[in-house]
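Below is one structure, written out as structure tokens; the observations come after it.
Chain A is the first sequence line, chain B the second, and so forth, proteins listed ahead of strands; every chain is numbered from 1.
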There are 2 protein chains.
Amino acid sequence: MPKKVPSVKRRKESLSRERVIEVSIELLDSSGESGLTFRALSERLVTGPGAIYWHIDSKSELLTAACDSIVARTMNAPTASGTPEAIIRSLALGLYDAIDTHPWVGSTLTRAPGQLPIVRILERIGQQVCALGVPDEEQWTTVSALLNYIIGVAGQNADNTQFARTHNLDRASFLETVSTVWSELDPVEYPFARSVASQLPSHDDRADFIAGIDLILRGVAGAGER
Amino acid sequence: MPKKVPSVKRRKESLSRERVIEVSIELLDSSGESGLTFRALSERLVTGPGAIYWHIDSKSELLTAACDSIVARTMNAPTASGTPEAIIRSLALGLYDAIDTHPWVGSTLTRAPGQLPIVRILERIGQQVCALGVPDEEQWTTVSALLNYIIGVAGQNADNTQFARTHNLDRASFLETVSTVWSELDPVEYPFARSVASQLPSHDDRADFIAGIDLILRGVAGAGER
DNA sequence: ACCTGAACACCGTTCAAGT
DNA sequence: ACCTGAACACCGTTCAAGT
């Protein structure tokens, strides 16, 4: 008869905070923000909801942790070396692409002011803004302008994707829809919206995003020259 | 949503889409985003949830409508007359203040890309950007940079307020907390965050916000000179 | 046309009880 | 220390039935 060998080691797959976060990311990626529920999570992890609460505090903490996991690997990825401007562009684009593949990161970022994921971004950009030679008293303004712009785009993009998903549209036909609605607005009250409506479906979101970054960077440079 | 305007005159106190939105705003203002539920709404309106669904399509549509009501009155408020720059600043500040008094507007704005509240803002800013003499092909970039920045700040502010409310803190002690956390970060990995931590509690959010707007406007001006 | 309210199909979170 | 799973206190939404 086999003796009872007291195994210190539990099954390889025993629950851990890391595992909870990992499976949460899978769930979020595959079924969007509404796909992350404690019931779906329990099922995938083959446990009860109580077990999950042993490793995390709440759903919102879990969401932030999952978000931070993506942001951390994005901000630690090697950037193009070059001028501070080039590095800032590279960081911003990396973030843009990460949010493009994980739309839920965009909405989560919006809801985590002052928390770890945001601090990571702030830090990386902040260092480059310093390297740019921006005077001390303008650093915060510059960094927070860049950060808020990025968060704004992130949020809008995330919700565009989310909306398209909910209504079973691809991104192209979603933009087509918005374009049509805008072009039917009152000509007297909404001349500008109507005039840009037509270029909406064909525009390149990613290029627009980086053009905005460049615009802000130009403002920073302009300040130094006065 | 009602299909047609009812032919007979309604009783003053009868339910209407406007009344539903009005009470929703009261609820959102007094108890935050989590305060708006169909049960609370039914109670205040002295009806059942079914009655509410006769006038609105869903909770998200209701939220957008409530948001639009605030945004509309803000964007239609008289602005300082003067240069296009001055008007843009005035519009932005009006929005900032509206979100300060109705934090839920900030988060709702983030979740309504391409929808009416956003279009109103886009339109007002767009007209001034045109007046600024920005060439056609740069108008969209300029307007969306401003818009995304505003939305980014709006979202962060809304969530700061929301967080403070949940944890029963005032804004000052909330910033104090964030400041402390940042100042205790690893000095090697987070030099920038640490360096700005101390100025966090004393800074003027509203002034920072407008400084960001000015930064972007400077970038726009800079583009014209090249 | 408009309203009622019970019922449905979910949520996040807790907790006594187990190992 | 870690896990179980039933139970709790909610949600948004629907719908047969009423006026």
Side-chain angles (χ1 to χ4, degrees), chain A residues 4-21 23-24 27-28 31-67 104 107-108 111-112 162-163 166-167, chain B residues 1-24 27-28 31-67 104 107-108 111-112 162-163 166-167:
Chain A
K4 229 175 54 157
V5 178
S7 62
V8 216
K9 179 168 60 178
R10 300 271 307 165
R11 350 163 228 153
K12 192 180 176 246
E13 290 304 323
S14 94
L15 207 53
S16 67
R17 183 177 163 85
E18 288 65 39
R19 179 107 189 92
V20 172
I21 293 171
V23 173
S24 296
L27 237 28
L28 287 162
S31 15
E33 231 166 323
S34 63
L36 181 63
T37 68
F38 281 82
R39 276 149 185 89
L41 212 44
S42 311
E43 202 177 327
R44 286 245 199 165
L45 292 166
V46 202
T47 32
I52 296 166
Y53 273 92
W54 183 262
H55 298 278
I56 58 132
D57 288 339
S58 66
K59 184 171 183 181
S60 104
E61 196 241 349
L62 174 57
L63 224 28
T64 304
C67 174
W104 54 273
S107 3
T108 307
R111 278 179 258 118
Q162 161 69 22
F163 184 91
T166 310
H167 296 74
Chain B
M1 256 205 288
K3 318 225 142 234
K4 279 281 175 235
V5 174
S7 42
V8 276
K9 188 178 66 173
R10 350 179 22 117
R11 300 188 338 257
K12 192 177 175 242
E13 291 304 325
S14 90
L15 206 51
S16 68
R17 182 177 163 85
E18 287 65 40
R19 178 107 188 93
V20 172
I21 293 171
E22 182 192 330
V23 173
S24 297
L27 238 26
L28 288 162
S31 18
E33 230 167 321
S34 63
L36 180 63
T37 68
F38 282 82
R39 276 149 185 93
L41 212 44
S42 312
E43 202 177 327
R44 286 244 199 166
L45 292 166
V46 203
T47 35
I52 296 165
Y53 273 92
W54 182 261
H55 298 280
I56 57 132
D57 288 339
S58 65
K59 184 172 182 180
S60 105
E61 195 241 350
L62 174 57
L63 224 27
T64 304
C67 174
W104 54 272
S107 4
T108 307
R111 279 181 255 116
Q162 161 70 22
F163 184 92
T166 310
H167 296 74

By nearest atom, which of the nucleotides dT13(C), dC11(D), dT13(D) is closest to the Phe38(B) side chain? dT13(D)
In whole Å, I'd like the distance from the CG atom of Leu15(B) to the P atom of dG5(C). 14 Å
How many Å lie between NZ on Lys59(B) and P on dT14(D), as a whole number? 15 Å
Could you tell me whether Glu43(B) atom CD has more than 12 heavy atoms of other residues or ligands within 6.0 Å of it? no
Dot-bracket for DNA chain D, please. Rules: Watson-Crick or G-U, both distances under 3.5 Å, ( ) within the strand, [ ] when a pair crosses earlier ones, | for another strand, . otherwise. ||.|||||...|||||.||
Please determine, for the side chain of Thr47(B), which listed nucleotide (dG12(C), dC3(C), dT4(D)) has the closest atom? dC3(C)
The residue, Gly50(B) or Pro49(A), whose nearest nucleotide of DNA chain D is more 5′ is Pro49(A)
Once you round it to whole Å, what is the distance between P of dG12(C) and CD1 of Ile52(A)? 10 Å
When you compare the side chain of Thr108(B) with that of Leu28(B), does any pair of heavy atoms fall below 4.5 Å? no
Could you tell me the separation between the OH atom of Tyr53(A) and the P atom of dC3(D), rounded to a whole number of Å? 16 Å
Would you indicate what Leu36(B) reaches in the nucleic acid, counting non-hydrogen atoms under 4.0 angstrom: base, sugar-phosphate, or nothing? sugar-phosphate
Look up atom OG in Ser24(B) and atom CZ in Phe38(B), then write down how far apart they are to the nearest 0.5 Å. 8.0 Å
Arg44(B)/Glu22(B) salt bridge by N-O under 4.0 Å criterion: no
Tell me: CD of Glu33(B) to C1' of dC11(D), nearest whole Å? 15 Å
Check for a donor-acceptor pair, side chain of Lys59(B) on one end and backbone N or O of Leu36(B) on the other, with a separation under 3.5 Å. yes
Euclidean distance for P, dA17(D) against dC2(C) (whole angstrom): 22 Å
Go through it in stages, so that I can follow the logic: the residues are Arg111(A) and Glu33(A), the test is salt bridge (Lys or Arg N to Asp or Glu O under 4.0 Å), and I'd like the CA-CA distance, side-chain angles, deciding distance and then a yes or no. CA-CA 13 Å; Arg111(A) 278 179 258 118; Glu33(A) 231 166 323; 2.6 Å; yes
In whole angstroms, the gap separating C1' of dT13(D) from CG of Leu41(B) amounts to 14 Å
Give a yes/no answer on whether the side chain of Trp54(A) brings an N or O atom under 4.0 Å of OP1 or OP2 in dC3(D). no
Please state how far atom CG in Leu62(B) lies from atom C1' in dC11(D), giving the value in whole angstrom units. 15 Å
How would you label the contact of Ser58(B) with the nucleic acid (heavy atoms, under 4.0 Å): base, sugar-phosphate, or nothing? sugar-phosphate
Which nucleotide in dT13(D), dC3(D), dC11(C) has an atom nearest any side-chain atom of Arg39(A): dC11(C)
When rounded to the nearest 0.5 Å, the distance separating CD1 of Ile52(B) from CG of Leu62(B) is 8.5 Å
Quick one: Ile56(A) CD1 to dT13(C) C1', roughly how many Å, whole number? 10 Å
